[in-house]
Amino acid sequence: MPDRSAVIRVERLSKHYETPAGPFPVLKEIDLTVQRGEFVAVMGPSGSGKSTFMNILGCLDRPSSGGYWLDGEDVNGLDVDQRAGLRNRTIGFVFQGFNLLPRMTLTDNVALPLVYAGLARKERDGRAVRVLERVGLGSYVGSYPNRISGGQQQRVAIARALVNDPRLILADEPTGNLDSHTSEEIMALFGELNAGGITVVLVTHEPDIAAHARRLVRFLDGRIVHDGPVGQGREAGR
(Lines give C-alpha, C1' and ligand atoms only; values in the text may rest on other atoms or scores of the structure.)
Protein backbone atom coordinates (compact mmCIF):
# COMPACT_ATOMS: atom_id res chain seq x y z
CA MET A 1 0.00 0.00 0.00
CA PRO A 2 1.27 3.52 -0.75
CA ASP A 3 2.24 5.78 2.11
CA ARG A 4 -0.64 8.28 2.13
CA SER A 5 1.23 10.61 4.46
CA ALA A 6 3.75 11.26 1.66
CA VAL A 7 3.49 14.07 -0.87
CA ILE A 8 5.21 11.93 -3.53
CA ARG A 9 5.32 8.16 -3.72
CA VAL A 10 6.47 6.20 -6.78
CA GLU A 11 6.84 2.43 -6.96
CA ARG A 12 8.68 0.55 -9.72
CA LEU A 13 8.07 3.50 -12.02
CA SER A 14 9.43 3.09 -15.55
CA LYS A 15 9.24 5.14 -18.73
CA HIS A 16 10.20 4.25 -22.27
CA TYR A 17 9.74 5.91 -25.64
CA GLU A 18 8.99 4.06 -28.83
CA THR A 19 11.64 4.40 -31.56
CA PRO A 20 12.10 2.71 -34.96
CA ALA A 21 14.66 0.46 -33.24
CA GLY A 22 12.21 -0.48 -30.49
CA PRO A 23 11.46 0.82 -26.98
CA PHE A 24 14.08 3.17 -25.54
CA PRO A 25 14.12 3.05 -21.70
CA VAL A 26 14.48 6.39 -19.90
CA LEU A 27 13.45 5.45 -16.34
CA LYS A 28 13.94 1.98 -14.90
CA GLU A 29 11.82 0.84 -11.92
CA ILE A 30 12.24 3.93 -9.75
CA ASP A 31 11.16 3.74 -6.09
CA LEU A 32 11.01 7.04 -4.21
CA THR A 33 9.05 8.61 -1.37
CA VAL A 34 9.11 12.30 -0.45
CA GLN A 35 7.46 13.16 2.85
CA ARG A 36 5.69 16.41 3.63
CA GLY A 37 8.10 19.24 4.41
CA GLU A 38 11.18 17.72 2.79
CA PHE A 39 13.64 19.76 0.68
CA VAL A 40 15.08 17.49 -2.03
CA ALA A 41 17.68 18.24 -4.70
CA VAL A 42 17.71 16.05 -7.83
CA MET A 43 20.97 15.81 -9.77
CA GLY A 44 22.38 13.80 -12.64
CA PRO A 45 24.04 14.26 -16.04
CA SER A 46 22.09 15.05 -19.20
CA GLY A 47 20.19 11.98 -20.34
CA SER A 48 20.07 10.47 -16.85
CA GLY A 49 16.27 10.59 -16.71
CA LYS A 50 15.83 13.32 -14.10
CA SER A 51 13.89 15.69 -16.38
CA THR A 52 11.53 12.94 -17.50
CA PHE A 53 11.04 11.99 -13.86
CA MET A 54 10.20 15.59 -12.93
CA ASN A 55 7.69 15.79 -15.79
CA ILE A 56 5.96 12.68 -14.44
CA LEU A 57 5.95 14.10 -10.91
CA GLY A 58 4.37 17.26 -12.30
CA CYS A 59 1.61 15.27 -14.05
CA LEU A 60 2.92 16.56 -17.39
CA ASP A 61 3.79 13.04 -18.61
CA ARG A 62 2.70 9.51 -17.78
CA PRO A 63 4.87 6.55 -16.80
CA SER A 64 4.93 3.47 -19.00
CA SER A 65 4.50 1.30 -15.92
CA GLY A 66 4.59 1.50 -12.15
CA GLY A 67 2.63 3.51 -9.61
CA TYR A 68 2.56 7.21 -8.75
CA TRP A 69 0.66 8.72 -5.83
CA LEU A 70 0.59 12.52 -5.42
CA ASP A 71 -0.62 13.76 -2.05
CA GLY A 72 -2.18 10.33 -1.49
CA GLU A 73 -4.05 10.25 -4.82
CA ASP A 74 -3.41 7.58 -7.47
CA VAL A 75 -2.34 9.70 -10.46
CA ASN A 76 -2.39 6.78 -12.88
CA GLY A 77 -6.11 6.34 -12.27
CA LEU A 78 -6.98 9.92 -13.31
CA ASP A 79 -8.05 11.19 -16.71
CA VAL A 80 -6.53 14.29 -18.33
CA ASP A 81 -8.89 16.78 -16.69
CA GLN A 82 -8.55 15.17 -13.26
CA ARG A 83 -4.76 15.24 -13.53
CA ALA A 84 -4.86 18.92 -14.51
CA GLY A 85 -7.07 19.67 -11.51
CA LEU A 86 -4.79 17.79 -9.11
CA ARG A 87 -1.74 19.53 -10.61
CA ASN A 88 -3.34 22.95 -10.22
CA ARG A 89 -4.36 22.29 -6.61
CA THR A 90 -1.19 20.62 -5.40
CA ILE A 91 1.88 21.77 -7.35
CA GLY A 92 3.62 25.08 -7.96
CA PHE A 93 6.13 25.06 -10.84
CA VAL A 94 9.27 27.20 -11.09
CA PHE A 95 11.33 27.06 -14.29
CA GLN A 96 14.76 28.26 -15.34
CA GLY A 97 13.32 30.59 -17.98
CA PHE A 98 10.81 32.41 -15.70
CA ASN A 99 8.06 32.05 -18.39
CA LEU A 100 6.52 35.44 -17.64
CA LEU A 101 4.21 37.11 -20.17
CA PRO A 102 5.84 40.44 -21.13
CA ARG A 103 2.65 42.42 -21.80
CA MET A 104 1.05 41.52 -18.49
CA THR A 105 1.77 43.23 -15.17
CA LEU A 106 3.48 41.26 -12.44
CA THR A 107 0.15 40.97 -10.65
CA ASP A 108 -1.54 39.55 -13.76
CA ASN A 109 1.35 37.12 -14.34
CA VAL A 110 1.11 35.83 -10.79
CA ALA A 111 -2.69 35.61 -10.93
CA LEU A 112 -2.73 33.55 -14.13
CA PRO A 113 -3.16 30.13 -12.42
CA LEU A 114 -6.19 31.56 -10.61
CA VAL A 115 -7.83 32.37 -13.95
CA TYR A 116 -7.71 28.65 -14.77
CA ALA A 117 -9.08 27.93 -11.29
CA GLY A 118 -12.10 30.12 -12.05
CA LEU A 119 -11.62 32.78 -9.34
CA ALA A 120 -13.12 36.26 -9.73
CA ARG A 121 -10.82 39.12 -10.73
CA LYS A 122 -10.89 40.87 -7.34
CA GLU A 123 -9.89 37.71 -5.47
CA ARG A 124 -7.22 36.86 -8.06
CA ASP A 125 -5.61 40.27 -7.75
CA GLY A 126 -5.75 40.24 -3.97
CA ARG A 127 -4.06 36.89 -3.70
CA ALA A 128 -1.45 37.82 -6.33
CA VAL A 129 -0.52 41.03 -4.50
CA ARG A 130 -0.20 39.16 -1.20
CA VAL A 131 2.23 36.59 -2.61
CA LEU A 132 4.23 39.31 -4.39
CA GLU A 133 4.58 40.97 -0.99
CA ARG A 134 5.60 37.61 0.46
CA VAL A 135 8.55 37.35 -1.98
CA GLY A 136 9.61 40.95 -1.40
CA LEU A 137 8.07 42.58 -4.48
CA GLY A 138 5.10 44.37 -2.99
CA SER A 139 6.20 47.71 -4.48
CA TYR A 140 6.33 46.27 -8.02
CA VAL A 141 2.79 44.95 -8.39
CA GLY A 142 1.97 47.22 -11.36
CA SER A 143 5.31 46.83 -13.10
CA TYR A 144 6.16 44.64 -16.11
CA PRO A 145 8.72 41.83 -16.49
CA ASN A 146 11.05 43.85 -18.73
CA ARG A 147 11.38 46.54 -16.05
CA ILE A 148 12.80 44.32 -13.32
CA SER A 149 15.98 42.27 -12.91
CA GLY A 150 16.39 38.56 -13.59
CA GLY A 151 16.40 37.79 -9.88
CA GLN A 152 13.20 39.76 -9.43
CA GLN A 153 11.63 37.94 -12.38
CA GLN A 154 12.40 34.63 -10.72
CA ARG A 155 10.77 35.91 -7.53
CA VAL A 156 7.68 36.68 -9.61
CA ALA A 157 7.80 33.13 -10.97
CA ILE A 158 8.00 31.81 -7.41
CA ALA A 159 5.07 34.02 -6.41
CA ARG A 160 3.08 32.56 -9.33
CA ALA A 161 3.94 29.07 -8.06
CA LEU A 162 2.69 30.02 -4.59
CA VAL A 163 -0.56 31.71 -5.53
CA ASN A 164 -2.62 28.49 -5.38
CA ASP A 165 -1.17 27.65 -1.95
CA PRO A 166 0.52 24.45 -3.19
CA ARG A 167 1.73 21.62 -0.99
CA LEU A 168 4.65 20.96 -3.34
CA ILE A 169 7.00 23.14 -5.41
CA LEU A 170 8.78 21.53 -8.35
CA ALA A 171 11.69 23.71 -9.51
CA ASP A 172 13.66 22.93 -12.69
CA GLU A 173 17.08 24.66 -12.65
CA PRO A 174 15.56 27.71 -10.93
CA THR A 175 18.91 29.51 -10.69
CA GLY A 176 20.26 28.54 -14.12
CA ASN A 177 19.90 32.06 -15.56
CA LEU A 178 21.07 33.93 -12.45
CA ASP A 179 24.41 35.14 -11.12
CA SER A 180 25.82 33.56 -7.99
CA HIS A 181 24.69 36.29 -5.58
CA THR A 182 21.13 36.29 -6.90
CA SER A 183 21.12 32.49 -6.89
CA GLU A 184 21.90 32.52 -3.19
CA GLU A 185 19.02 34.93 -2.58
CA ILE A 186 16.59 32.72 -4.50
CA MET A 187 17.75 29.60 -2.66
CA ALA A 188 17.34 31.42 0.66
CA LEU A 189 13.75 32.15 -0.39
CA PHE A 190 13.16 28.47 -1.16
CA GLY A 191 14.56 27.68 2.28
CA GLU A 192 12.10 30.08 3.90
CA LEU A 193 9.19 28.54 2.00
CA ASN A 194 10.30 25.06 3.01
CA ALA A 195 10.63 26.15 6.64
CA GLY A 196 7.02 27.30 6.35
CA GLY A 197 5.93 23.76 5.50
CA ILE A 198 6.05 23.61 1.68
CA THR A 199 7.74 20.53 0.20
CA VAL A 200 10.41 21.50 -2.35
CA VAL A 201 11.91 19.26 -5.04
CA LEU A 202 14.39 20.95 -7.36
CA VAL A 203 16.59 19.87 -10.26
CA THR A 204 20.05 21.42 -10.44
CA HIS A 205 23.45 20.80 -12.00
CA GLU A 206 25.19 22.87 -9.34
CA PRO A 207 26.43 21.20 -6.12
CA ASP A 208 26.42 24.59 -4.37
CA ILE A 209 22.71 24.94 -5.13
CA ALA A 210 21.97 21.35 -4.10
CA ALA A 211 23.71 22.06 -0.79
CA HIS A 212 20.74 24.20 0.23
CA ALA A 213 18.54 21.09 0.26
CA ARG A 214 18.58 18.49 3.02
CA ARG A 215 18.34 15.42 0.79
CA LEU A 216 20.08 14.56 -2.49
CA VAL A 217 18.72 12.14 -5.10
CA ARG A 218 21.09 11.43 -7.98
CA PHE A 219 20.10 9.83 -11.28
CA LEU A 220 22.31 7.93 -13.70
CA ASP A 221 21.18 5.95 -16.75
CA GLY A 222 17.55 6.00 -15.70
CA ARG A 223 18.12 4.78 -12.15
CA ILE A 224 18.60 6.37 -8.74
CA VAL A 225 22.21 5.76 -7.74
CA HIS A 226 22.24 7.86 -4.58
CA ASP A 227 19.56 8.92 -2.10
CA GLY A 228 20.58 10.41 1.20
CA PRO A 229 21.46 13.54 3.15
CA VAL A 230 23.15 16.23 1.06
CA GLY A 231 26.31 16.10 3.14
CA GLN A 232 26.76 12.42 2.35
CA GLY A 233 26.06 12.90 -1.34
CA ARG A 234 28.08 16.03 -2.05
CA GLU A 235 30.71 14.12 -3.97
CA ALA A 236 28.12 11.94 -5.66
CA GLY A 237 26.45 15.08 -6.99
CA ARG A 238 29.56 16.36 -8.69
Side-chain angles (χ1 to χ4, degrees), residues 6-8 10 30 32-46 48-61 68 70-71 86-100 106 109-110 112-113 131-132 134-137 145 149-219 224 227 230 233 237:
V7 175
I8 291 169
V10 299
I30 300 295
L32 185 73
T33 299
V34 177
Q35 299 290 345
R36 300 181 192 279
E38 285 201 87
F39 191 161
V40 183
V42 178
M43 300 190 75
S46 297
S48 62
K50 64 185 187 301
S51 295
T52 298
F53 184 65
M54 290 288 278
N55 284 339
I56 291 173
L57 294 186
C59 302
L60 302 172
D61 197 359
Y68 174 31
L70 175 60
D71 203 31
L86 178 62
R87 180 171 62 239
N88 202 39
R89 293 191 308 272
T90 308
I91 304 173
F93 293 93
V94 181
F95 302 99
Q96 178 178 346
F98 315 143
N99 294 346
L100 303 179
L106 304 191
N109 267 282
V110 170
L112 198 56
V131 292
L132 281 166
R134 186 176 177 184
V135 300
L137 294 176
S149 69
Q152 289 171 324
Q153 289 184 55
Q154 189 61 296
R155 286 178 179 268
V156 176
I158 293 170
R160 183 183 56 201
L162 292 173
V163 77
N164 266 342
D165 195 21
R167 300 171 183 83
L168 168 67
I169 287 180
L170 296 180
D172 188 1
E173 298 285 356
T175 62
N177 288 333
L178 305 176
D179 61 64
S180 58
H181 176 73
T182 307
S183 295
E184 288 295 315
E185 291 182 344
I186 293 299
M187 292 310 300
L189 177 55
F190 278 122
E192 292 171 11
L193 296 173
N194 178 246
I198 297 176
T199 307
V200 179
V201 179
L202 69 88
V203 167
T204 182
H205 284 94
E206 301 295 331
D208 289 346
I209 297 300
H212 287 267
R214 294 195 296 272
R215 177 180 173 191
L216 174 65
V217 174
R218 188 168 195 270
F219 278 77
I224 292 176
D227 182 359
V230 167

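- Side chains of Gln154 and Pro174 form a contact here, defined as non-hydrogen atoms less than 4.5 Å apart.
- Side chain of Arg155 to main chain of Val135: a donor-acceptor pair is present (N/O by atom type, distance under 3.5 Å, no hydrogens or angles).
- Pro145 has its side chain out of reach of Val156: every pair of non-hydrogen atoms, C-beta onward, lies at least 4.5 Å apart.
- The two residues Phe98 and Gly150 make their nearest non-hydrogen contact at CZ-O, 3.5 Å.
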Item to check | Val34/Arg215 under side-chain contact (heavy atoms from CB on, under 4.5 Å): CA gap, chis, key distance, verdict | outcome: CA-CA 10 Å; Val34 177; Arg215 177 180 173 191; 4.1 Å; yes
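- Remark: Asp165 engages no residue in a salt bridge (charged side-chain N to carboxylate O under 4.0 Å, His left out) (not counting sequence neighbours).
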Donor-acceptor list for residues 193-200 side chains, cut-off 3.5 Å, not counting sequence neighbours:
| residue | atom | partner | partner atom | Å |
| --- | --- | --- | --- | --- |
| Asn194 | OD1 | Arg214 | NH1 | 2.8 |
| Asn194 | OD1 | Arg214 | NH2 | 3.3 |
| Asn194 | ND2 | Gly37 | O | 3.1 |
| Asn194 | ND2 | Glu38 | O | 3.2 |
| Asn194 | ND2 | Ile198 | O | 3.0 |
| Thr199 | OG1 | Gly37 | N | 2.9 |

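- Closest approach of Ala161 to Pro166, counting heavy atoms only: O-CG, 3.2 Å.
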Next on the checklist: Under the criterion side-chain contact (heavy atoms from CB on, under 4.5 Å), I'd like the reasoning laid out for Met43 against His205: C-alpha separation, chi angles, the key distance, then a yes or no.
Outcome noted: CA-CA 6 Å; Met43 300 190 75; His205 284 94; 5.5 Å; no
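- With Thr175 contributing its side chain and Leu178 its backbone, the two residues share no donor-acceptor pair below 3.5 Å.
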Item to check | side-chain contact (heavy atoms from CB on, under 4.5 Å) evaluation trace for Ile91 with Leu86 | outcome: CA-CA 8 Å; Ile91 304 173; Leu86 178 62; over 6 Å; no
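- In this structure, the separation between CD1 on Ile8 and CG on Leu57 is 4.5 Å, given to the nearest 0.5 Å.
- With sequence neighbours excluded, the residues that form a side chain to side chain donor-acceptor pair (under 3.5 Å) with Thr182 are Asp179.
- Between the NE2 atom in His181 and the CD1 atom in Ile186 there is a gap of 10.5 Å [rounded to 0.5 Å].
- Of the inter-residue distances, the one linking Ile30 atom CD1 with Lys50 atom NZ reads 13.0 Å to the nearest 0.5 angstrom.
- Considering every non-hydrogen atom in both Ala213 and Val230, the closest pair reads O-CG2, 3.3 Å.
- Side-chain N or O atoms of Glu185 include none that pairs as donor or acceptor with a backbone N or O of Ser180 at under 3.5 Å.
- One distance of note links OG of Ser51 with CD of Glu173; it measures 8.0 Å at 0.5 Å rounding.
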Item to check | Working for side-chain contact (heavy atoms from CB on, under 4.5 Å), residues Val7 and Gln35 | outcome: CA-CA 6 Å; Val7 175; Gln35 299 290 345; over 6 Å; no
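- The backbone N or O of Arg87 sits nowhere less than 3.5 Å from a side-chain atom of Thr90 that would complete a donor-acceptor pair.
- Side-chain contact between Ile209 and Leu202: present, with at least one pair of heavy atoms (C-beta onward) separated by less than 4.5 Å.
- Phe53 CZ to Asp61 CG: the interatomic distance, rounded to the nearest 0.5 Å, is 12.5 Å.
- Put simply, the side chain of Gln96 does not reach to within 4.5 Å of the side chain of Asp172, judged on heavy atoms.
- Annotation: the span from Phe95 atom CZ to Leu100 atom CG amounts to 11.5 Å, rounded to 0.5 Å.
- A salt bridge does not link Asp227 with Arg218: none of the charged nitrogens is closer than 4.0 Å to a carboxylate oxygen.
- Side-chain contact between Val94 and Ile169: present, with at least one pair of heavy atoms (C-beta onward) separated by less than 4.5 Å.
- Nearest heavy-atom pair across Ser48 and Phe219 is CB-O, 3.5 Å.
- Side chains of Arg160 and Phe93 form no contact here, defined as non-hydrogen atoms less than 4.5 Å apart.
- Annotation: side chain of Arg89 is not in contact with side chain of Asn164 (no heavy-atom distance under 4.5 Å).
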